[in-house]
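Notes to accompany the following structure.
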2 protein chains.
Amino acid sequence: MRKMGIKDIAALSGVSPATVSRTLRNPELVNKDTRKKVMKAVKESGYRPNRFGSSLRTRQSGNIVVVMPDITHQVNAGIIRAIESEAQKHGYSVLLGDTQGLIERERHYADMVNSGQADGILLFTPRLPFDVDPDQPLLKQLPPLVSGNETIPVEGLCRVSVNNTAGARAATEYLLSLGHRRIAAVLGASDAPSNQERLDGYHQAMDEAGLQVDPQWIVAGDYSTDSGMAAMEKLLKLRQRPTAVFCFNDDMAIGALNVLHQYGFAIPQDISVMGFDDIRYAALMRPALTTIHQPLEDIGRAAMQLLLEQLNGRQPKNNYVELPFELIVRQSTGPVPLQGESE
Amino acid sequence: MRKMGIKDIAALSGVSPATVSRTLRNPELVNKDTRKKVMKAVKESGYRPNRFGSSLRTRQSGNIVVVMPDITHQVNAGIIRAIESEAQKHGYSVLLGDTQGLIERERHYADMVNSGQADGILLFTPRLPFDVDPDQPLLKQLPPLVSGNETIPVEGLCRVSVNNTAGARAATEYLLSLGHRRIAAVLGASDAPSNQERLDGYHQAMDEAGLQVDPQWIVAGDYSTDSGMAAMEKLLKLRQRPTAVFCFNDDMAIGALNVLHQYGFAIPQDISVMGFDDIRYAALMRPALTTIHQPLEDIGRAAMQLLLEQLNGRQPKNNYVELPFELIVRQSTGPVPLQGESE
DNA sequence: CTGAAAGCGCTTACAG
DNA sequence: CTGAAAGCGCTTACAG
């Protein structure tokens, strides 16, 4: 039993291939009775239009590609899941582009749009992996594209994210409100826009509180748990230890928590720890992690919706969608310890 | 600047489209100098062959589809990442099929193979979402397919997983070796083959130790953290409490840990908790979770390799790949408490 | 409302 | 080693 083609269905239902095609794509153009005959043949034969035949004609693949550095991170996984759901709802399939942080892979996935394999691209990486002519307007040279999370700051580019600066500021202000003054910051990946934005937020809050930031309180990290551990080790060695540590994501905060336990510190009595993201396991830590919640589903859905608008030929009126974060207070943060205040 | 086609490149390099095609697909068939001319034109123009033109001719999409119930679960995410990496290495792209546990979505993704949108399918769900004629040999009716993790037990079907039974048995034996006799089991999703397999392993170990299993020790769950919490609550209400709890995955174990903390139990002094999977956060819990490690990368790679063999027209000699699990002893398990032994 | 025909961009058996 | 030609399965402007 060879695979059915549109001609087979046409023969089966006694119409032309054109009419079969119309019945499937634009039923309103077809007489009701004809339609019925065709649908019957389609049903009985289990016919599925070959995607490539149609893609070749219509020049639409029905695919989009999602590019992320690491899909095993909760944040990315949550977002792509929402994207996929929304994409499916609108008839699009999702090609997975896990770059493992490699630029050549970013380009590989970008090529899928160039080769017509995908109609649009969702970028959760901090770079534009396209060759562009610097003399031409940039936007005109790009395919339908949305930048999410690690939002690429290009004028007019469609972007979706929480306000990282405001989020980090809220986190820092919360720690300040608990009486903390010596608040350390553990940074994320240095090439990530989100990292710079969160750092800005931290500094804004500290400035406004009239506090001088000791450079030793700012410790490098890369958003990994290991880097959170290393950063915490470093902070513990300082002569004047911070009383609170704001890690720029939950994974690092979880690393910090582990180091503190290892050295026998009580959290939050001795030292407060705060994260960012609100991954699923944040609430399950001991103590449960205070953090800034990111609405992953909303981010994914909004990104897909922005892309859909472009795919439908509309330039979205609002090209930057900022989604609300939320301060989630749990048990890893508490009032500044007494000696911390006075010291 | 319209998109370049193969004819454009042919014109640019002064050869026929056929030769351009050969240069790109079977360079060894083409004279070296001709090849050079063509490659030069390809480079300069940035030409990418249109995937649909070629797919239509060759009847190969170059895509595979991966079907999983929930990509936000660490286990699935780790596996799909390895799949993607291996797929890319061999020129395949990965279509993401997150089913959210819905059968209609499983069928939707299965349809991608039927419509030629994907050449093969990797199934991490416990069902075959294909219509088959029960009078015909099953395998002949299926596309290139590999079943992973929730391995569908069909004779001859390509499958990849750890030996869940042996893993659960090793876990239970380990708890027995610590002196535990009242060992509870918190079950996973009831429709998951892995759940039944792990339950078998648990029973095997208990039987061989000559222990009667109190039915109350077997508590339903669904692999979610919440279900782990509910199960633990239930177990704590038993007149004769178990001294060890073997949760059939880490998420449930983490839930159990939280409930125990909440009620003030010391782990493992009062009660031991064990998981299965060894997700990234297992090691980061307090106490760190003793568990059975699954080699996610190996599973993903092996699954893809089995699929590749089929895609290349070979029926793999070995249609079941069993990967080694590993008992990871951490701090959530310890010797049976004294009163537990005597009671 | 329906059909015949052209053509999307590629590949490959065939001929030379 | 290379080219001309046919055709993969579909869609759609055109004609009726």
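In what follows, chains carry the letters A, B, and so on, assigned in the order in which the sequence lines appear, proteins first and then strands, with residues in each chain numbered from 1.
If you check the side chains of A/S194 and A/Y223, you find a donor sitting under 3.5 Å from an acceptor.
In this entry the distance linking CD1 of B/I9 with C1' of C/dT11 reads 16 Å, nearest Å. In this entry the distance linking CG of B/D8 with C1' of C/dC10 reads 13 Å, nearest Å. D/dC14 atom P lies 13 Å from atom CZ of A/R22, rounded to whole Å. Taking atom CD of A/Q60 as the reference point, atom C1' of D/dT12 lies 14 Å away to the nearest angstrom. Atom NZ in A/K7 sits about 9 Å away from atom P in D/dC10, given to the nearest Å. Straight-line distance from the CD1 atom of B/I6 to the P atom of D/dG3: 12 Å, rounded to whole Å. Following rounding to the nearest Å, B/L56 (CG) and C/dT12 (P) show an atom-to-atom distance of 12 Å. Between the CG atom of A/L29 and the P atom of D/dA13 there is a distance of 11 Å, given to the nearest Å.
Closest to the side chain of B/N31, out of D/dG3, D/dT11, D/dC1, is D/dC1. Of the candidates D/dT11, D/dC10, C/dT11, the closest approach to any side-chain atom of B/S54 belongs to C/dT11. Proximity note for B/N50 (side chain, C-beta onward) versus C/dT11, C/dC10, D/dT11: the nearest is C/dC10. The side chain of B/R57 sits closest to D/dA6 out of D/dA6, D/dG3, C/dA5. The nucleotide whose nearest atom lies closest to any side-chain atom of B/P49 is, among C/dG3, C/dC10, D/dT11, C/dC10. The side chain of B/T34 approaches D/dC1 more closely than any other nucleotide in the set C/dT12, D/dC10, D/dC1. The side chain of B/A18 lies closest to D/dA5, out of D/dC10, C/dT2, D/dA5. Side-chain proximity of A/T19 to the nucleotides C/dC14, C/dC8, C/dT2 is greatest for C/dT2.
Under 4.0 angstrom from either OP1 or OP2 of C/dT11 there lies at least one side-chain N or O belonging to B/R25.
Just one of B/T125, B/V75, B/I79 meets the side-chain contact (heavy atoms from CB on, under 4.5 Å) condition when paired with B/M68; it is B/I79. Checked options A/V67, A/V146, A/I83; the residue passing with A/F124 is A/I83 (criterion: side-chain contact (heavy atoms from CB on, under 4.5 Å)).
Across all strands shown, D/dA4 forms no Watson-Crick or G-U wobble pair with both distances under 3.5 Å. C/dA13 is unpaired under the criterion used here, namely a Watson-Crick or G-U wobble arrangement in which both key atom distances are under 3.5 Å.
Salt bridge B/R81/B/E84: absent, no basic N to carboxylate O contact under 4.0 Å. Contact check on B/D98 versus B/R105 returns no salt bridge, with no Lys/Arg side-chain nitrogen under 4.0 Å from an Asp/Glu carboxylate oxygen. Looking at A/K317 and A/E309, a side-chain N of the basic residue comes within less than 4.0 Å of a carboxylate O on the acidic one, giving a salt bridge.
Each of A/P17 and B/P17 lies near DNA chain D, and the nucleotide nearest B/P17 is the one positioned closer to the 5' end. The residue among A/S55 and B/V15 whose nearest nucleotide of DNA chain D is located toward the 5' end is B/V15.
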